[in-house]
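One structure below.
The structure displayed is predicted, hence computed values, not measured ones.
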Amino acid sequence: MKYKTAYLGMFTALAMILSYVESLFPSFYGIPGVKLGLANSMSLVILILIGVPGAFCVSVLRVILSGFLFGNLFSIAYSLAGALLSLSVMALSKKTGVFSVIGISILGGISHNIGQLIVAIFLVENLNLLYYFPILLFSGLVTGLIIGILSMEILKRLPGNLLR
């Protein structure tokens, strides 16, 4: 664990790179606002390897830095709400020991979209945005599945003694 800070920095940088790469693509599935969430795979990997404090640091730093570099204040608000709710749900689901990495990721993807929808409802002050919920639920499930598979593959390929 003596290199934990260096690994957290490396994973934060990698998450920011993935955020940038994803910002180059307009949308996922052709639905406005729906992204794959590649950077969230780093948060999930850190959650599994190091735990909640490390994943929290990586998520918050990535959202704030990427928001200032590639987005705006609104994108920071949406991303931060999604990331914090998602991380909370993933941490709780990991703690139960019932869910696999893919299951944790699916719950994270769905809750990320719910967090963003809540912020959108407050910012726009319009409950009609709830009509978007089924689309966000489905997209969270699909993207959570993809990110879960990706994260599982990353975890398989990392050396077992990475953080010892």
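In the hydrophobic cluster analysis, where Ile, Leu, Val, Met, Phe, Trp and Tyr join through side-chain heavy atoms closer than 4.5 angstrom, Ile46 is grouped together with Ile64. Under the 4.5 Å side-chain contact rule for hydrophobic residues, Ile149 and Ile146 share a cluster. Cluster membership check: Ile135 shares its hydrophobic cluster with Leu141, using side-chain heavy-atom separations under 4.5 Å among Ile, Leu, Val, Met, Phe, Trp and Tyr. Tyr131 and Ile118 fall into different hydrophobic clusters, where Ile, Leu, Val, Met, Phe, Trp and Tyr residues are linked whenever their side-chain heavy atoms come under 4.5 Å apart, directly or through other members. One hydrophobic cluster holds both Met10 and Leu18 under the rule that ILVMFWY side chains link at heavy-atom gaps under 4.5 Å.
Heavy-atom minimum distance, Leu87 versus Ala55: CD1-CB, 3.6 Å. Closest non-hydrogen pair, Met16 versus Ser66, comes out as CG-OG, 3.7 Å. When all heavy atoms are compared, the tightest approach of Ala81 to Val119 is CB-CG2, 3.1 Å. The shortest non-hydrogen separation linking Leu85 to Ser111 is CD2-O, 3.2 Å. The heavy-atom pair separating Lys94 from Leu47 by the smallest distance is CE-O, 3.6 Å. What you find for Ser88 and Leu84 is that their closest heavy atoms are OG-O, 2.8 Å.
To the nearest 0.5 Å, atom CZ of residue Phe11 and atom SG of residue Cys57 are 14.0 Å apart. Expressed to the nearest 0.5 Å, how far CG of Leu49 lies from CE of Met42 amounts to 10.0 Å. Atoms CG and CG, from Leu38 and Leu150 in turn, are 7.0 Å apart once rounded to the nearest 0.5 Å. To the nearest 0.5 angstrom, Ile147 atom CD1 is 11.5 Å from Ile102 atom CD1. Atoms CE and CD1, on Met90 and Ile106 in that order, are 12.5 Å from each other to the nearest 0.5 Å. Atom CE of Met152 and atom CG of Leu44 lie 10.5 Å apart (nearest 0.5 Å).
Judged purely by distance below 3.5 Å, without hydrogens or angles, the side chains of Ser86 and Asn40 never pair a donor atom with an acceptor atom.
Evaluation of the side chain to side chain donor-acceptor pair (under 3.5 Å) rule for Lys95 yields no partner, not counting sequence neighbours.
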Residues Gln116, Asn113; criterion side chain to side chain contact (heavy atoms under 4.5 Å, CB included); working and verdict: CA-CA 5 Å; Gln116 290 186 329; Asn113 287 348; 4.1 Å; yes
Check against side chain to side chain contact (heavy atoms under 4.5 Å, CB included), Val58 and Leu8: CA-CA 7 Å; Val58 168; Leu8 288 175; 3.9 Å; yes
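Among residues at least two apart or in separate chains, there is no ring-ring contact (aromatic ring centres under 6.0 Å, His included) pair with a member in residues 93-126. The ring-ring contact (aromatic ring centres under 6.0 Å, His included) contacts involving residues 43-91 comprise Tyr20-Phe70, where partners must be two or more places apart or lie in separate chains.
Results of the side chain to side chain contact (heavy atoms under 4.5 Å, CB included) test with Ile48 over Ile154, Leu158, Leu155 single out Leu155 as the only residue that passes.
The main-chain N or O of Ile76 is never found under 3.5 Å from a side-chain atom of Ser79 such that the two would form a donor-acceptor pair. Side chain of Ser105 to main chain of Gly144: a donor-acceptor pair is present (N/O by atom type, distance under 3.5 Å, no hydrogens or angles). Put simply, the side chain of Glu22 never gets that close to the backbone of Ala39: no donor and acceptor are under 3.5 Å apart.
In this structure the side chain of Asn126 never reaches within 4.5 angstrom of the side chain of Ile121, judged on heavy atoms.
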